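Down below is the structure, laid out as structure tokens.
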Protein chains: 2
Amino acid sequence: MPPVAEGDNRRASPTTRRAGARRAGAVYTPRVAVDVVLFAFHEATLKAFLVEPAGGPGGGCWAFPGGLMRVGETLDQAARRELRASTGLRDAYLEQLFTFGDPTRDPAGHVVSVVYLALTAAAEVAGAACAKYRQGRWYGVSELPRLAYDHERVAQVALERLRGKLEYTNVACNLLPDGFTFAELERLYAAVLGRKLDRRNFRRRLMASGLLRRLPATRRGRHRPAALYAFSERTPRVIALL
Amino acid sequence: MPPVAEGDNRRASPTTRRAGARRAGAVYTPRVAVDVVLFAFHEATLKAFLVEPAGGPGGGCWAFPGGLMRVGETLDQAARRELRASTGLRDAYLEQLFTFGDPTRDPAGHVVSVVYLALTAAAEVAGAACAKYRQGRWYGVSELPRLAYDHERVAQVALERLRGKLEYTNVACNLLPDGFTFAELERLYAAVLGRKLDRRNFRRRLMASGLLRRLPATRRGRHRPAALYAFSERTPRVIALL
DNA sequence: CCAAAAGTGTTGAGTATACACCCATGA
DNA sequence: TCATGGGTGTATACTCAACACTTTTGG
């Protein structure tokens with residue numbers, strides 16, 4: 001396999017990359033956007049936050065919130081900015097998910113989109129009012145409407161990632177507020193993973209993980225009161241759970 | 001947490017994103033580059049391919065090959081193009097790794113870099129001659145020189161990903177040519193993971209995985225001949241191995 | 001007292017790990 | 001014949017999955 005000198009090489013070397021900085025905009029490269037897939041667990045269902053782009057040719061389509069990145073900010077900052085602009089949320093778990101760059105994904109031009117996965121325990125707060133879009137609302141992940149751009153695929157990738165991470169990390173702590181019952185935690189896992197879990201085995205393992213802290217209070221309802229728990233820390237941790 | 005209308009919103013909505021397409025270059029967004037971290041297993045060592053950017057202010061620093069993305073191509077295409085331009089390799093395993101977007105990562109301007117992980121079994125071929133850079137060569141991953149940009153971090157992330165994937169996928173098939181011995185395969189795993197493996201247990205598990213196909217030939221050396229194997233398929237597969 | 005959800009242990013099967021000796025060859 | 005790396009099996013500890021009844025409360 002002999003080395004091949006391609007016409008390709010002219011503009012793309014690191015040297016050119018740097019020289020090009022002086023004439024920003026003159027270099028013919030796609031633009032960068034950041035999109036955010038925000039999940040919350042609410043009413044025993046995993047929900048995703050969608051916005052309806054104001055008047056865009058999305059034609060009544062929904063999409064995950066996002067927008068162009070700016071020069072001088074980090075990707076994380078851009079994601080946090082977009083999250084806040086579309087939902088009002090100031091804090092949420094954020095993790096880079098994947099970058100989509102197909103030139104046809106946005107019919108109006110080549111935009112590379114760095115997609116973030118976001119989790120919140122405050123579903124009611126988010127999207128109560130949305131300054132940036134015509135409207136924003138929560139959809140159960142199994143009842144998503146038609147999505148614009150390549151966001152069907154984005155949704156799929158985000159869900160896969162969340163499912164994977166539930167089993168071997170403590171991400172779940174970002175989907176529940178302090179003071180949840182074991183039953184709620186189990187319903188969260190069952191809803192996201194799409195399968196039933198054995199109550200006793202589930203409880204044993206999460207207890208053994210040491211991630212949970214028992215609160216003094218109990219939740220009282222129509223039936224036997226349930227002990228309340230909180231995650232003892234919310235720093236991301238890799239740990240086999242299931 | 002009341003919704004906050006930020007000055008942020010003006011330019012970043014999907015609407016603006018599309019409208020902006022007509023005046024490409026006028027929108028103030030970082031440029032997009034694709035970098036490729038190519039690994040090979042050679043002489044019982046995991047090696048990475050580095051290039052010395054021609055005359056750039058890298059100042060004798062090495063870096064992973066890469067360059068600006070072009071409008072109209074996919075990320076995968078860009079990665080394949082860069083790989084070929086810097087190493088001559090036409091085919092290699094390629095997987096998107098992570099996107100780095102810190103505005104200070106390239107001192108000459110804000111460039112968002114989508115980094116790909118690449119694997120090849122043809123270490124000798126790659127970089128035999130390199131059209132695009134002053135020079136390109138292999139470095140053992142434990143003896144990397146100082147790297148330009150944020151490529152120290154990039155190297156770290158790439159290695160972590162490779163380590164992780166060795167244990168639960170068949171990626172290793174992309175690092176060995178057909179006709180390897182079990183000892184070679186085990187050395188590959190030991191070198192990448194940085195720990196010794198039990199020969200019998202290792203062999204049992206890989207046999208049980210069904211990923212390997214025994215070749216009729218044997219490798220003859222100074223000692224007892226060793227049976228040769230190949231991976232029965234190279235399509236990516238998720239499977240617990242260790 | 002009844003309905004509904006909370007809480008609790010054991011057993012059997014399968015899997016993971018640790019470990020040591022013989023084999024085939026070229027020099 | 002010897003040095004070198006190739007090749008093989010078993011016993012034990014542990015981990016995982018399946019499984020059902022009692023408790024507590026509100027209505």
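Everything numeric here is computed off the predicted structure, so don't read it as measured data. Letters A, B, ... mirror the listed sequences (proteins, then strands); counts begin at 1.
Rounded to whole Å, atom C1' of D:dT15 lies 11 Å from atom CG of A:Asn201. As rounded to whole Å, 18 Å separates atom C1' of C:dT17 from atom CZ of B:Arg203. Going from atom CZ of A:Arg224 over to atom C1' of D:dT22 covers 8 Å, rounded to whole Å. Separating the NE2 atom of A:His223 from the P atom of D:dT23 is a distance of 18 Å, rounded to the nearest angstrom. Here D:dT8 presents its C1' atom at 12 Å from CG of B:Asp198, a figure rounded to the nearest Å. Separating the NZ atom of A:Lys196 from the P atom of D:dC19 is a distance of 15 Å, rounded to the nearest angstrom. Atom pair B:Phe182:CZ and C:dA24:P shows a separation of 19 Å (rounding to whole Å applied). Going from atom CG of A:Leu206 over to atom C1' of C:dT8 covers 16 Å, rounded to whole Å.
Between A:Arg204 and D:dA17 there is no side-chain polar atom (N or O) within less than 4.0 angstrom of OP1 or OP2. Taking only side-chain nitrogens and oxygens, B:Arg200 never comes nearer than 4.0 Å to OP1 or OP2 of C:dA18. Under 4.0 angstrom from either OP1 or OP2 of D:dA17 there lies at least one side-chain N or O belonging to A:Arg205.
Of the listed nucleotides (C:dG7, C:dG26, D:dG7), C:dG26 has the atom at the smallest distance from the side chain of B:Arg220.
In summary, A:Glu184 and A:Arg219 engage in a salt bridge, as defined by a charged side-chain N under 4.0 Å from a carboxylate O.
Of the two residues near DNA chain C, A:Arg214 and B:Pro225, the one whose nearest nucleotide lies more 5' is A:Arg214.
Ring geometry, A:Phe180 versus A:Phe231: the interplanar angle falls from 30° to 60°, so the pair is classed tilted.
A:Phe202 does not carry A:Arg205 over the face of its six-membered ring by the limits of under 6.0 Å from the centre and within 45° of the normal.
No side-chain donor-acceptor contact under 3.5 Å links A:Thr45 and A:Glu43. Residues B:Ser113 and B:Asp35 bring a donor and an acceptor atom of their side chains to less than 3.5 Å of each other.
Within 4.0 Å of B:Arg199, counting heavy atoms only, lies at least one base atom of the nucleic acid.
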